[in-house]
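As structure tokens, the structure follows; a few thoughts come after it.
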Amino acid sequence: MTKSDVRVRMAPSPTGFFHVGSARTALYNWLFARKNGGKFILRVEDTDVVRSSDEMIEVILDGMRWLGIDWDEGPHFQSARIATYQKYVQMLLDRGTAYYCYCDPGDLERERQSAYARKEDWRYDRRCLNLSPAERAEKERQQVPRVVRFLVPDGTVAYHDLIHGGITRESKDIEDLVILRSNGRPTYNLACAVDDHEMGISHVIRAVDHITNTPKQVLLFKALGLPEPQYAHLPLILGTDKSKLSKRHGAVSIMDYRDLGYLPEAMVNYLALLGWSPGDDREIMSVNDMIASFDLGRINPSNAVFDEHKLEWMNGQYIYAMSDEVFCERLSPFLVRFGLLTAGEIDARKNWLLKVCGLVKLRLKTLSDIKDVAGYFFVDDFEYEEGGLKKHANAETFEILAGFLPHLAQAADYTASSIEESIRSYAGQNDIKVRQLIHSLRMSVTGKEGGPGLFEVMELIGKDKCLDRIRRFTRGS
Ligand code: GLU
């Protein structure tokens, strides 16, 4: 196979949100396509979904766009290709490798449930395959609803998984699966195999949840006389409690992460390492580095653990590495969303905002941290930290601050250096520890015990506001 023969696909079912696991599947397919100069195809598997809407599909497409995962073909919609699937089902019927089944689904389900209750396996017993021509004609005359089942051939089915190695299954363990429903719509396995063929897919890279479907799809390819693609099943993503990642673990939708203030580049970097590694200890990698190093052979077959702290750390690294200008731009929607600045104020106070950004950047793990970490730059009615209040809200500190107020009011140009000078000279003259004055000032003007350099912070907050805040604090309000 030449490199450009690589054709991979992402085949989401429109479920209304874009799960972290689906995003990783999309990313690995995309990295593999880009690495090999191949094509990445987007296919929406919407035949099975009762209420699939454009809105649900948009959520997935938006998520892909946000992550920067672009597709070369599609989106193709399975719901628009029903006649194609029916054509392949007819081919299987004509070859005698599929048959009509008139059984009542409710009856079969009851049989299945009672077998399970007896702790027995249950598989469809092919009773419709064995109908006599007269019995079949009678069912047709009565217009009994019918599905089409695939006749699973005897023997074994084997394929080579690029991540898990050789996989073999006994046909006797595979039920004659329904491939066409009574409403004429295909089931997942049929539509998937047909499309993987029609779309020229060379490698199917998907979550390991589908590994039990693969032998069925391989059998369908064989029955149709078609070559099957290569398969690679990606490990599961677990929460830190080692159960499968789900909403119980918090955010699992990519768009939730966007709204929480994660950067798409950090998300992509984190997702890339969730099951794959470049073979050295690199953790922060550009997309180009990922593409250059991506290799299916380096995917770890064991389950990956989604560690939100690690993601947060990585996001912080990306924020820290940004220029103040870029950071400011990325932060702006969050400032507006939290009511910290209006869009007009962001424009009007650009230089000031850039300085604030430079000061707080390394303290933010996510963009939405701005509100709690540095909201005091923008609003006056912040809360005081409990621990700081215990230490600083006392008569002695109030007296020191009240004494310092007129001194600070005289600071000529109110720059970081004149503020520092004012603090040091007042502390020196009044036998107060500089550190003590700094800590209580920080508490009064920011409500926090820690933060960026206080002199710069005070300069950016501005003289009048600082004086007001110190007065307010000493009044205990
Ligand atoms: N539509 C399937 C899903 O969303 C994907 C199937 C596949 O990749 O073959 O899980």
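Basis for what follows: all heavy atoms, side chains included, without hydrogens, waters or symmetry-related copies. Each ligand, and each atom within it, is numbered from 1 in the order the structure gives.
Listed by first then second residue, pairs satisfying ring-ring contact (aromatic ring centres under 6.0 Å, His included) with a partner in residues 110-149 number zero, not counting sequence neighbours. Applying the side chain to side chain donor-acceptor pair (under 3.5 Å) rule to pairs touching residues 343-366 yields Asp324-Lys361, Thr342-Glu345, Thr366-Ser368, Thr366-Asp369, sequence neighbours excluded.
Listed by chain and residue number, the protein contacts of ligand 1 are Arg9, Ala11, Pro12, Ser13, Glu45, Tyr188, Cys192, Arg206, His210 (heavy atom within 4.0 angstrom).
Residues Ser253 and His19 bring no donor and acceptor atom of their side chains to less than 3.5 Å of each other. A side-chain N or O of Tyr102 and one of Glu140 form a donor-acceptor pair less than 3.5 Å apart. Side-chain atoms of Gln230 and Tyr159 include no donor-acceptor pair closer than 3.5 Å.
Scanning for salt bridge (charged side-chain N to carboxylate O under 4.0 Å, His left out) contacts around Arg169 gives an empty result, with sequence neighbours left out.
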